[in-house]
There are 2 protein chains.
Amino acid sequence: MSTIKDVAKLAGLSRTTVSRVLNDHPYVSVEKKKLVQQAMEQLGYVPNSAARSLRNNKTGIIAVLIPKISTPFFSQLIEILEMAASAKGYQLIICQTQFSKQKELNYLNLLKTKQVDGVIMTSIENDWSIIDAYLNYGPIVLCNEMIEHAQIPMVYMNQASSGYNVAKHLLEMGHRQIAYCSNGIVSEGMKAREKGFKRALLESGCTFDENFHFENVASIEDGKQIFRKITEMKIKPTAIFTGGDSVAAGFISEAKKHGWNIPEDFAVVGFDNMEISELFDPKITTVVQPVEEMAIKSIEVAFEKIHKRQFRSTEKHIFSMKLAIRGSTMKKRKLVATS
Amino acid sequence: MSTIKDVAKLAGLSRTTVSRVLNDHPYVSVEKKKLVQQAMEQLGYVPNSAARSLRNNKTGIIAVLIPKISTPFFSQLIEILEMAASAKGYQLIICQTQFSKQKELNYLNLLKTKQVDGVIMTSIENDWSIIDAYLNYGPIVLCNEMIEHAQIPMVYMNQASSGYNVAKHLLEMGHRQIAYCSNGIVSEGMKAREKGFKRALLESGCTFDENFHFENVASIEDGKQIFRKITEMKIKPTAIFTGGDSVAAGFISEAKKHGWNIPEDFAVVGFDNMEISELFDPKITTVVQPVEEMAIKSIEVAFEKIHKRQFRSTEKHIFSMKLAIRGSTMKKRKLVATS
């Protein structure tokens, strides 16, 4: 592997001159620059990026912190983030935190150690006061999350309205006893979703029965288990907002196995509009997140922060959800006739 | 942000001494080391990793090149790679190539510019001769791929036996006209799978009908389309090896919609043993890849190469597949009775 010394030798110049060329020093003649570049090319010499990044403080890389890549919502988000970053000449590196505080800090260190120009966080494990300190080293953008008073750009969906609209829809379908699932993530967004859900119930004169609140629910298996729990209840709900299409799919498959008709016997709402929600029989009513809009805005904001070099300012970019209403909640002919 | 100068001042030592401590220079007393470390901690000073990596040439980071993160097989693979890397004190960064030659080279440059200690490639877009040059800068491990004569470690599943065993199973179930799907990826592994499949047919005295070969097949939608194509064929196959559970799911959902019984009217085999394959009715017969074994071995080999600093040697670590036989191919009571 060739070194700066080899380049100097081949170019017939001093090491200092070569180093000046590499550092874009103003007092180097065009001829000398050319000689150095030719020698570099001939030797296949690539300036160490560590050295280069010491000089210009730019890596062209943005790190995206993701709790779990295998979650379909996140892999979809990465997909679009990646395209948007590419369009701006940026490389993306994906860092999986596995919901670990320590891993989150390890990856945030990439900012501190100048291995990346900016960080997009899609979840938050540590207290904001701890993360805030990293803003001394570069920009952080929250995507899919919000922290009320954090001095950074936040790009997120209005979770309150997602909870509210799902409850409203189920109430309109005639349900009064509606179960709710939390996914175990404690965040402002998750709190807002739950609040919105309960607000809709209250507005319709219903009170939420805490027996119908299922926690730490995320997988197909969780969905199956919830169905089994509900069958054992004396007073049963008649509908459920599962918070995830996998959970909804698990619930429905188990319910069908036990001879229940969906939505006649029970209505089910998912979240994320995954492919599976359209493959199921019945198709699953689900919350469609504005993934594309959020991803594009996040890259746009990160790019702006990197170039303005101002990392602290509270900015909220809020996008709306859509509800895809399908067979798992929508009463068909038979029930419409009776209503 | 504090500098090395601030550390020197607070520690009451010269900048040279601080720099020696940072560089693990042998001739520094234990007391001075302690003073520097205390000052660093007090100031929250973190040595720039660019500077650090210039010194010891280690970043503690491995890059994993993945064509598409949203493919369930790859997100599952990343999951285990990440755990195995963590266990060895390594961070993983995930780089999505989107099947692009240019992106693959951009990410391989992380090796050249010493931003990572090693690279694990899960697919190959460029000719090997181009990639081979990057071995001058660090180790590359192939995971889920193989290149016959490449001088690197390769960790992969025996694709020939996956094709062979699937065909064998379908032949045993009485099928003679079996359709085959390729996913558009041109690789040694994909070629081997197809060869194995055809070899099993030949051994049973069947010839493969090229009309039954579907190419560039990967999604649920592709599966639905293939079903529609088959319904229009005069001479139809009676079974299909779809090469993917999504394809299989799409095929089955479309077939059911048209009143076909699976597996009585048509047998379907998937690939990857995704969650969906167990949720479907009937459950989908599928190839189970040794994901965990491959991931663990890949990290183990990458780690070894990084530390031995020998990057060129041909090593093949081959793992076997399993076939999960389920309702989409296995005739139930009724058909067993007639056979």
Side-chain angles (χ1 to χ4, degrees), chain A residues 1 44 46-55 57 59-61 63-64 66 68-72 74-76 78-79 81-83 86 91-96 98 100 103 106-107 109-110 112-116 133 136-137 219-221 246 249-250 252-253 256-257 275-276 278-281, chain B residues 1 44 46-55 57 59-61 63-64 66 68-72 74-76 78-79 81-83 86 91-96 98 100 103 106-107 109-110 112-116 133 136-137 219-221 246 249-250 252-253 256-257 275-276 278-281:
Chain A
M1 210 174 125
V46 175
N48 190 315
S49 94
R52 199 181 50 214
S53 100
L54 277 178
R55 284 195 305 277
N57 274 319
T59 61
I61 301 175
V64 180
I66 297 268
K68 221 171 164 58
I69 289 172
S70 58
T71 309
F74 286 118
S75 53
Q76 210 185 333
I78 292 169
E79 201 76 14
L81 282 171
E82 219 265 324
M83 284 191 278
S86 262
Q91 277 176 278
L92 226 59
I93 60 179
I94 315 297
C95 308
Q96 183 166 253
Q98 298 270 20
S100 143
K103 286 195 179 171
N106 289 348
Y107 287 122
N109 260 322
L110 293 170
K112 208 166 177 175
T113 54
K114 302 198 180 310
Q115 286 175 282
V116 301
N136 295 327
Y137 310 101
S219 67
I220 289 176
E221 196 44 48
S246 298
I252 294 174
S253 84
K256 283 168 69 177
K257 205 193 276 178
E275 269 188 327
I276 201 176
E278 289 217 73
L279 266 187
F280 244 66
D281 181 24
Chain B
M1 208 174 127
V46 175
N48 189 314
S49 97
R52 201 179 51 213
S53 102
L54 277 178
R55 284 195 304 278
N57 274 318
T59 61
I61 300 176
V64 180
I66 298 268
K68 220 171 166 56
I69 289 173
S70 58
T71 310
F74 286 118
S75 54
Q76 210 186 333
I78 291 169
E79 199 77 14
L81 282 172
E82 219 267 324
M83 284 191 277
S86 261
Q91 277 177 278
L92 226 61
I93 59 179
I94 315 298
C95 308
Q96 184 166 253
Q98 298 269 22
S100 143
K103 287 196 179 173
N106 289 349
Y107 287 122
N109 260 322
L110 293 171
K112 210 165 174 176
T113 54
K114 302 201 179 309
Q115 287 175 278
V116 299
N136 295 328
Y137 309 102
S219 67
I220 289 177
E221 197 44 49
S246 299
I252 292 173
S253 84
K256 282 168 71 178
K257 204 193 275 178
E275 268 188 326
I276 203 176
E278 289 216 72
L279 266 189
F280 244 67
D281 181 25

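Each chain gets a letter, A, B and so on, in the order its sequence line appears, and its residues count up from 1.
- The structure places CD1 of B/I94 at 10.5 Å from CD1 of A/I66, a figure rounded to the nearest 0.5 Å.
- Residues B/I61 and A/Q115 are in side-chain contact: their nearest non-hydrogen atoms beyond the backbone lie under 4.5 Å apart.
- Considering only heavy-atom pairs separated by less than 4.5 Å from chain B, the leading option among A/K257, A/K256, A/E275 is A/E275.
- The CD atom of A/Q91 sits 8.0 Å away from the CG atom of B/N109 when rounded to the nearest 0.5 Å.
- The most heavy-atom pairs under 4.5 Å with chain A, out of B/S70, B/S246, B/C95, come from B/S70.
- Atom CG of B/L92 is separated from atom CD1 of A/I69 by 8.5 Å, given to the nearest 0.5 angstrom.
- Side-chain contact between B/I276 and A/L279: present, with at least one pair of heavy atoms (C-beta onward) separated by less than 4.5 Å.
- Contact of B/I252 with chain A is not made at all, since no heavy-atom distance falls under 4.5 Å.
- Proximity to chain B (any heavy atom under 4.5 Å) is restricted, for A/K103, to the side chain, taken from C-beta onward.
- For a residue to count as touching a neighbouring chain, one of its non-hydrogen atoms must lie under 4.5 Å from one of that chain's; by this rule B/F74 does not touch chain A.
- No side-chain heavy atom of A/Q98 sits under 4.5 Å from any side-chain heavy atom of B/S86.
- Heavy-atom distances place the side chain of B/K68, and not its backbone, under 4.5 Å from chain A.
- Counting only heavy atoms from C-beta outward, the side chains of B/E79 and A/Q96 approach each other to under 4.5 Å.
- A distance of 9.0 Å separates OG of B/S75 from CD1 of A/I78, quoted to the nearest 0.5 Å.
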